[in-house]
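Worksheet for the structure shown next.
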Amino acid sequence: MAVEPLSQKEIEDRLAELPGWSLSEGRLTRSFRLGSHFAATAMVVHIAQVQEELNHHSDLTLGYNTVSVSVHTHSAGGAVTEKDVELARRVQELAPGHRAS
Ligand SMILES: C[C@H](O)[C@H](O)[C@H]1CNC2=NC(N)=NC(=O)C2=N1
């Protein structure tokens, strides 16, 4: 997959299809609230599995009952690329199964 930096417009277009996600400090970012600490931890493990599959990794922050995802592409000098968008889409897909909001 291309690791060309996306333009601001391209990022905005993709964010329009990623509810709850935003561009923060140059990274695609979203926080989720879960029903318990264990539910949040389980979601972190699931995201880690997807990240290994994609070989693309975010910074994950586990709180009491929250999971925060923040991602950009290191090999593109920290720019946002399609790889980041793909990971965000996959996280969006798995979130409902964890009853994440
Ligand atoms: C060697 C390994 O394939 C690379 O370091 C991968 C791993 N995960 C990655 N994750 C992110 N976010 N950006 C990268 O450039 C990246 N590169």
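First listed ligand is number 1; within each ligand, the first listed atom is number 1. Heavy-atom basis, side chains included; hydrogens, waters and symmetry copies ignored.
Side-chain atoms of Q51 come within 3.5 Å of backbone N or O of S58 as a donor-acceptor pair. In this structure, R30 contributes its side chain and L18 its backbone to no donor-acceptor pair below 3.5 Å. Judged purely by atom type and a 3.5 angstrom limit, E10 uses its side chain to pair as donor or acceptor with the backbone of S7.
For S31 and S68, the side-chain atoms include at least one donor-acceptor pair closer than 3.5 Å. A donor-acceptor contact closer than 3.5 angstrom links the side chains of T73 and D84.
The contact shell of ligand 1, taken as protein residues with any non-hydrogen atom closer than 4.0 angstrom, comprises N55, H56, H57, H72, T73, H74, S75.
Take H57 and apply the ring-ring contact (aromatic ring centres under 6.0 Å, His included) test, not counting sequence neighbours, and it matches no residue.
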